[in-house]
Amino acid sequence: MNESAMRLHDAALVERLYRSLYRIRRVEEDIARRYPGNDIKSPVHLSIGQEAIAVGVCEALAPDDVVFGTYRGHAMYLAKGGDLDRMIAELFGRVDGCARGKGGSMHLVDVARGVMGTSAVVATTIPNAVGYAYAMKLRREPRIVVSFFGDGATEEGVFYESINFAALKRVPVLFVCENNGWAIHTHQRQRQATLDICGRVRAFGMDAQRIEDGDVFDIHGTVAAAAARMRAGDSGPLFIECMTSRWREHVGPGEDFELGFRSREDEARWIEDDAVAKLAALIPERQRAAVDAAVHAEIENAFTRAAASPFPDADELHRHVFHER
Amino acid sequence: MNESAMRLHDAALVERLYRSLYRIRRVEEDIARRYPGNDIKSPVHLSIGQEAIAVGVCEALAPDDVVFGTYRGHAMYLAKGGDLDRMIAELFGRVDGCARGKGGSMHLVDVARGVMGTSAVVATTIPNAVGYAYAMKLRREPRIVVSFFGDGATEEGVFYESINFAALKRVPVLFVCENNGWAIHTHQRQRQATLDICGRVRAFGMDAQRIEDGDVFDIHGTVAAAAARMRAGDSGPLFIECMTSRWREHVGPGEDFELGFRSREDEARWIEDDAVAKLAALIPERQRAAVDAAVHAEIENAFTRAAASPFPDADELHRHVFHER
Amino acid sequence: MSDEASPMSVRTLSYVDAIREATDREMARDASVLLFGLDVDDPKAILGTTQGLVAKYGPERVFGTPLSEDAMTGAAIGMALAGLRPIHVHIRMDFVMLAMNQLVNMAAKSSYMFGGQQHVPLVVRSIIGKSWGQGAQHSQGLYPFFMHVPGLKVVAPSTPYDAKGCMSAAVRDDNPVMFVEHRILYYRQGPVPENDYQVEPGRARIAVAGSDVTLVGISYMQLECLRAQRYLESVGVSAEVIDPIWLAPLDVDTIVASARRTGRLVVVDNGWTTCGAGAEILAAVGEACAGGPAPSMQRMGFAPVPCPTTPSLEAAFYPNARTIAACAYDLVHGGAQGWLPAERDDLKSIEFKGPF
Amino acid sequence: MSDEASPMSVRTLSYVDAIREATDREMARDASVLLFGLDVDDPKAILGTTQGLVAKYGPERVFGTPLSEDAMTGAAIGMALAGLRPIHVHIRMDFVMLAMNQLVNMAAKSSYMFGGQQHVPLVVRSIIGKSWGQGAQHSQGLYPFFMHVPGLKVVAPSTPYDAKGCMSAAVRDDNPVMFVEHRILYYRQGPVPENDYQVEPGRARIAVAGSDVTLVGISYMQLECLRAQRYLESVGVSAEVIDPIWLAPLDVDTIVASARRTGRLVVVDNGWTTCGAGAEILAAVGEACAGGPAPSMQRMGFAPVPCPTTPSLEAAFYPNARTIAACAYDLVHGGAQGWLPAERDDLKSIEFKGPF
Ligand SMILES: Cc1ncc(C[n+]2csc(CCOP(=O)(O)OP(=O)(O)O)c2C)c(N)n1
Ligand SMILES: Cc1ncc(C[n+]2csc(CCOP(=O)(O)OP(=O)(O)O)c2C)c(N)n1
Ligand SMILES: [Mg+2]
Ligand SMILES: [Mg+2]
C-alpha cells in the first residue's frame, strides 16, 4: 500500500492499469451476457475477479516479452495486447479468429503481441515457457517469459520438473501462480499437503514471493522489479504467487455459490475489494468516462465484426495440421 | 556413532546385519565374476557399496511389511528375505526364477516375503508404494511400506506428486532415497538446482532426514524409530535420504573409473569405510567364519540349482499376460 | 453375458445412471472396491455418474484427488497390488496421456513381468468429449493406444445396459480395464435390469441384423451407425449393425462372419483411423479372408486433423449417420453414387451445448 | 530424396556414425539446432551417436538433462516455438510414455489449434531395445501411437544411408518428427555419401524387387525381411522387400502397387500387431482393393505379450528371418506347408550381449 500510494502519483500508469482492467472486465461481462445466445461456440472460463494479476503483470512487461497461459486466458491475452477483434471472432468460431476458429476460448494466441498460447490441459504450458526462456538465454536476448497457471497446476509433476530445470539453467522465466483457492470445486486444502506453494518453490533454490491482497500496484511493482533483475541476468527465474478470487463458476457464465461448496461470503472480501472499482475511484470522472466510452465502443465493434466474419470454409479443415511456410 | 556404540551390545543384531551385508556382497560379487560367462541372461545393476541401506532398512522391518524398488534391486530383494535360489534362477532366465524367467534382474519380486516388485523405468514404483500404503491405512493394518529409489528418481515429477498425496492422506509409507550422487554418469549437481532433497520433501510438510555416512546402525535405528511412529499412526509418511556410493559401473559387472567422469579417489572414503568389513571386525572370528561358510554354501547351492533349472517351455510365452486364478 | 433378468425388473435408465448403479452395486458388494479421481466427490459428480457415493461409502473409499494423474494412476496400481479394486476416473480421455507410463509400463506388464506373482485389478474410466467447442485437447478417442498394449483390456459400451454390465464385469476383472465412455452417450436411455449381471469381455453384439453391408460402430459411433441403418433401410439397403462392446479382447469372429455374409464392411471409429480400431478390424478381416474372396471394406473416423472448435469444421471432422449411410450405399453399389440422405428429424444427432 | 552424391564421396559408415554425422552437419549448418536428453553428454554418448558434439558445440547447445522427460519435452516444444530446432534424445522408446501428454496434446496440435500461428520444429529420437534380457520395459516399439496422432511425423530408417538422410530431413522439417531407432541397427554398416542429402517424408523404398510376395519390414524387421528374402530365394520364391522408411506420412501407394503385383503381402512389424503399423498397412491395402480382388495378407510382429527376458521365450517373441520366410512361403503356396528353413550362418541375426 506504501507502494500503491507512491504509484498514485503516476497518473499515466493508473490510467493504463484502469483501462486494461476495465476493458477485460467489460469484455468478459459481455461474453457472459451473450453466452446464452447462439454466437459463442465454445466453453468459457472467465477471469472475472482475477484481472488484477494479468493486468499487473503484463503492464510491467515489454512488448517483446512473451506469455504462456491456460484455458482461463482471456485476461492474460487482452492484458498482453492480444487483438480483441480476433479474440471475439475466435469465440464465435470465425475464420478471422486468432486461431482461425480452430482453437476457441481455450486456445487463444497472438504471437505478434507475445501471447504464445494457452492450453486446456492443466500445467502443460509451464515447461513450454521454460523452453522458450532457454532459447532467449541461449540467444542472449534481454527478453523474459511469463508462465501463468493456477494453484491446481502446482500439483502436476511437470510443474516441479519445470521449476528444477529453470532454476538449474537459470533461464529468464517468471512463474505467476494465480491462486484462487479452487480447482473447479475442490479447495487447495483437499489437494495439497501444505498450502505453502512458495515454500515448495524455494526448496528448489528459486526466489518466491506471495502477494496476499491482489493489489494491482503491488503486483505491477513486484513484477517490474523482478523483470528488471531477470533481464539483467542476475536472478535466475523467479516465482510469484498471487492470491485471488474467481467470482464466477469454473466454466460458463454464471456463479456457483448455489452448488454449496463455497458461499458468496467466502469471497465477499475479494468482491468488495474490486480492483476495477478501486482504480476507477482514482481517476477523475471525465477522464474515466472517456476511457470507458472508448472501451465500450471497441468492444461493441469487436462483437459486430466477429458476427460479420465468416465461418471457415470446408477446405480449412485439413489446413495447418503441419506448418505452411 | 553414539547409536552404533549402543548397538554394539546387541550381538544378535550385529550378526544379523553382518550376515545380510556379507551375503548380498558375496552374491553380487559372484554375479559379477560369472557375468562374462553364458549363464546370466540379463543386464545387472549392482548394489555393491550401497548394501548398508537395504540391510539397515529391511532389518528394521517386520516380515509382513512390504518394499518396492528399482532395477538396482538385488540388495533390497535379499535384505527383505527374497528367495536367493529364485533370484539366481531368474538371472539365469530359468522357469524356477522368481518371475519364471520373464523379468530378469530388473524385475525381482517375492510377494510372500514382501518384495512387491521393481521397475526398470526410474521412479515408477514410488506411487505404487504410496497406493499400497493407502490400502493398508484403509484396512487399518499396522504394516508399513518402504519405497526405495535413487537420487535421480527425485527429478521425476511423479516423485513430487507421490510425496504430496502421501502427505495429504498420511499413509504409512517410508521413502528411502539411496543417494549415490550419480544417475549413470551424470552428477546430482548437473541435474538438480539444489542438492537438498530433504528440504524439498519437507516443503510438502513431511519429516525428512538425511543420514550422511552410510552407517548401517544409524540407518537401522532411524528406520526402526520411523517404523514405530508410522505404525502407531502418528507421523504420516516419512522420508530418509541415505548418502552412499556405487562402486561399480552403472550397469554391468565392472568399474567405471576409467571413463573419466569420476575417479576412484572420489569414492575412496566410501570404499575405505566398507560396511561389510566394519561389521566383520565386530564379530568374533570363529562366529564370523561360520556365518561366511553358511553364506558361501547357500550361494554355491543357488547357482547350482539355477543352472539345473530348465528354461521355460514355449507355452510359457503366452501365460500370465492376464491373471490366472 | 448373463442376461436372465425377468422383464419385471427392467427399468429405463440413462447411461449415467447405469454407470452409477453398477458402481454402487459393486461397492456395496465388495469392500475392496474404491472410487477416486479428480472431482468424483464434487457437486457435479462426474456428470452424475458418481453422485451420492461419497455419502454412502465415505471419503476413504470415494475421494477427489490432487491434479496428479501420473501418481494417482501409480497409486491405483499399488492399491490393486494390495488387493483393492480401484476405479480411477478421468473426466477426459485426453488427460490419460499423463498416465501412460504407469498404464503401459506397469499396469499392463505387472502380471507378466513378475511371472504371475502380481496382478492389477484396476478400472480406469475416461470420457471422450464431443461438440460445443471441446477442441483439440478435449475430444480425443485414444483407445487404440490401449488396444495395442498386451495386458490391458478395453471396453467401450454404447448402451445403458452394456454400461452397467461392462462396469460390473470390469470391476470384477482381475486385470486392468480401460473403461471408455462418451459424453454424448450420457444422454442415452435404455432398458437396464435391476439385478446384477456382467457383460463379459470378448463378445460383440449384433444390434440389428441385415444382409447387404456390415456396419461396425465403436462407442458413440454405434449410435450413428444405428441411425445410418435407418437411412439405408429407407433406400432398400439392409445393413447389419455390430457393436463390438469390448475392444480388447476383440470379438473378430463375429465381425468376420458378418462381413463374409454381407460381403461389405464399414467400420466407424470414434477416433482417428490410422492404426486405429478400424485398422485392426480391417486387417483382421483381411487376414481371415487370405486366399479367398475378401469383403469390400472401408474405414471411417475422425478427419486426420486435431479437432477444430468451430461448428462449421467440427461437422466435417466427425462421421455421422448420413455420411456413414452414404459410404455404405456406395460400397453396396460398387462406387461413388453421390447419394446423401436428407436429414430426418427422427434421426438427428443430439448436439450438446455448453457449458461443458 | 536427393541422391546425387558422386560415388567418390561415399564411405562405409555405421548407423551410429551416420546419425552422428547428420547431427553434426545440421548443427554446423544451423545455429538454431540443439541436442539434449539424458546422457547425451556423458562418456557413452548415447552409444556413440552424440560423441564429440558437446566439445564442438558447447554445453548450451548440447546438454544432459535431469530425469524429467515430461518437462524436457515441454521445454523442447517451447524452444521450438521460439525458433530453435531441438533434438531431444531418449535412450529407450519406453521412456517416451512419460512425455505423451506434451507430444500428443501440445506438439502435435500447436500448429492446428493455434490456427497456423505456431509451429513446432522438433525431433524426438528414441531407441528400441532388443535381446539380452531387455525385458518388458526396455524393448517396446510404440511408434503406432505416434502414427495415430495427426500432426506428428514418424520415421524409422533401417540403413545408415537413410539414418543420415532422414535425420537431416527431420531436423529441417518444421514439424515434430518422431525419429525411431533400433539398438540392433546400430551395428549395421553401409554406404553413406559425404555430402548433405535428405531422405524426405512419404516415400518408401523397394529394397529388393520380386514377383511372388511382398515383404514390408519396419525398422529392424527390414533386416530380417532382407534375410527372409534370401531364404525364400533358395526355394524359388521371389520376394519383393519394401522399406517404408517414413511411417507417417506413409507411402501406401508403393505398397499397394507391389502387393497387387505379387498378390501377397506380409508386413513385419517391430512391435505389437494390434492397431500397429501392419494393421494400418493391411487396412489401407484392403480399402484400396475394395470391390476387386485383394492380395492375401498377413501381419507378423511381437507376440501379444510383454517382452520376456529369458532367451528361450524371447526367441519366440520376435519374428525372424526364418519365421518370416515360412509365413511368406505358406502364403505363396496357399496354406501351411510346414517349411522352416534351416538356419544359415550367413543369414544369422546379430545378437547383442550385455552389458546393455
Ligand atoms: C491435466 C488435467 N487434469 C484435469 C483437468 C480438468 N480441470 C480443468 S480446470 C481444472 C482445475 C485447475 O485448477 P487451477 O490450476 O487452480 O486453475 P483455475 O481453474 O482455478 O484457474 C481441472 C482439474 C485438466 N484440464 N487437465
Ligand atoms: C524414466 C527413465 N528415464 C531414464 C532412464 C535411464 N536410466 C536408467 S538408470 C538411470 C539413472 C537413475 O539414477 P538414480 O535414480 O540416482 O539411481 P541409481 O542408478 O543411481 O541407483 C537412468 C537415467 C530410465 N530407466 N527411466
Ligand atoms: Mg485455482
Ligand atoms: Mg543415483
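Residue numbering restarts at 1 for every chain, and letters A, B, ... go by the order of the sequence lines. The figures here come from the full heavy-atom set of this structure, side chains too, leaving out hydrogens, waters and symmetry mates. As the structure is a prediction and not an experimental result, all values here were calculated from the model.
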From [X] [atom1] over to [Y] [atom2], what is the distance, rounded to the nearest 0.5 angstrom?
X	Y	atom1	atom2	value
A:Ile163	D:Ser68	CD1	OG	12.0 Å
D:Asn101	A:Glu156	CG	CD	8.0 Å
D:Leu84	A:Tyr132	CG	OH	9.5 Å

Is it true that a side-chain atom of [X] and a backbone atom of [Y] form a donor plus acceptor pair closer than 3.5 Å?
X	Y	value
D:Asp174	A:Phe322	no
D:Gln118	A:Met116	yes
D:Tyr112	A:His318	no
D:Gln117	A:Cys98	yes

Worksheet entry | Among A:Arg139, A:Arg140, A:Arg170, salt bridge (charged side-chain N to carboxylate O under 4.0 Å, His left out) partner for D:Glu60 | A:Arg140
Which bit of [X] is near chain D, if near means a heavy-atom gap under 4.5 Å: side chain, backbone, both or neither?
X	answer
A:Glu90	neither
A:Phe68	side chain
A:Val158	both
A:Leu108	backbone
A:Arg143	neither

Item to complete: Could you tell me how the ring of D:Phe114 sits relative to the ring of A:His107: parallel (under 30°), tilted (30 to 60°) or perpendicular (over 60°)?
Response: perpendicular
Worksheet item: Where do D:Ser111 and A:Val321 come nearest, in terms of heavy atoms and distance?
Response: CB-O, 3.9 Å
Worksheet entry | Residue pair A:Pro127 / D:Ala71: nearest heavy atoms and the distance that separates them | CB-O, 3.4 Å
Out of [options], return the one with the most heavy atom pairs under 4.5 angstrom to chain A.
options	result
D:Leu34, D:Leu152, D:Asp70, D:Asn105	D:Asp70
D:Gly115, D:Ala108, D:Pro176	D:Gly115
D:Met113, D:Lys109, D:Glu69, D:Arg61	D:Met113

Worksheet item: Are D:Gln102 and A:Asn128 linked by a side-chain donor-acceptor pair shorter than 3.5 Å?
Response: yes
Discussion item. I'd like to verify something: which residue of A:Lys137, A:Arg319, A:Arg325, A:Met136 has the highest number of heavy-atom pairs under 4.5 Å with chain D?
Written reply: A:Arg325
Practice prompt. Check the pair A:Tyr134 / D:Phe36 against side-chain contact (heavy atoms from CB on, under 4.5 Å), numbers first and verdict last.
Written response: CA-CA 12 Å; A:Tyr134 187 92; D:Phe36 58 88; over 6 Å; no
Fill in: D:Pro66 side chain near A:Glu161 side chain, heavy-atom distance below 4.5 Å
no
Practice prompt. Check whether D:Pro59 gets within reach of chain A through its side chain, its backbone, both or neither, counting any heavy atom under 4.5 Å.
Written response: backbone
Discussion item. D:Asp173 vs A:His323, test: side-chain contact (heavy atoms from CB on, under 4.5 Å). Steps then yes/no.
Written reply: CA-CA 9 Å; D:Asp173 204 291; A:His323 183 51; over 6 Å; no
Practice prompt. Could you tell me which residues in residues 73-81 of chain D have at least one non-hydrogen atom under 4.5 Å from a non-hydrogen atom of chain A, sorted by residue number?
Written response: D:Gly74, D:Ala75, D:Ile77, D:Gly78, D:Met79, D:Leu81
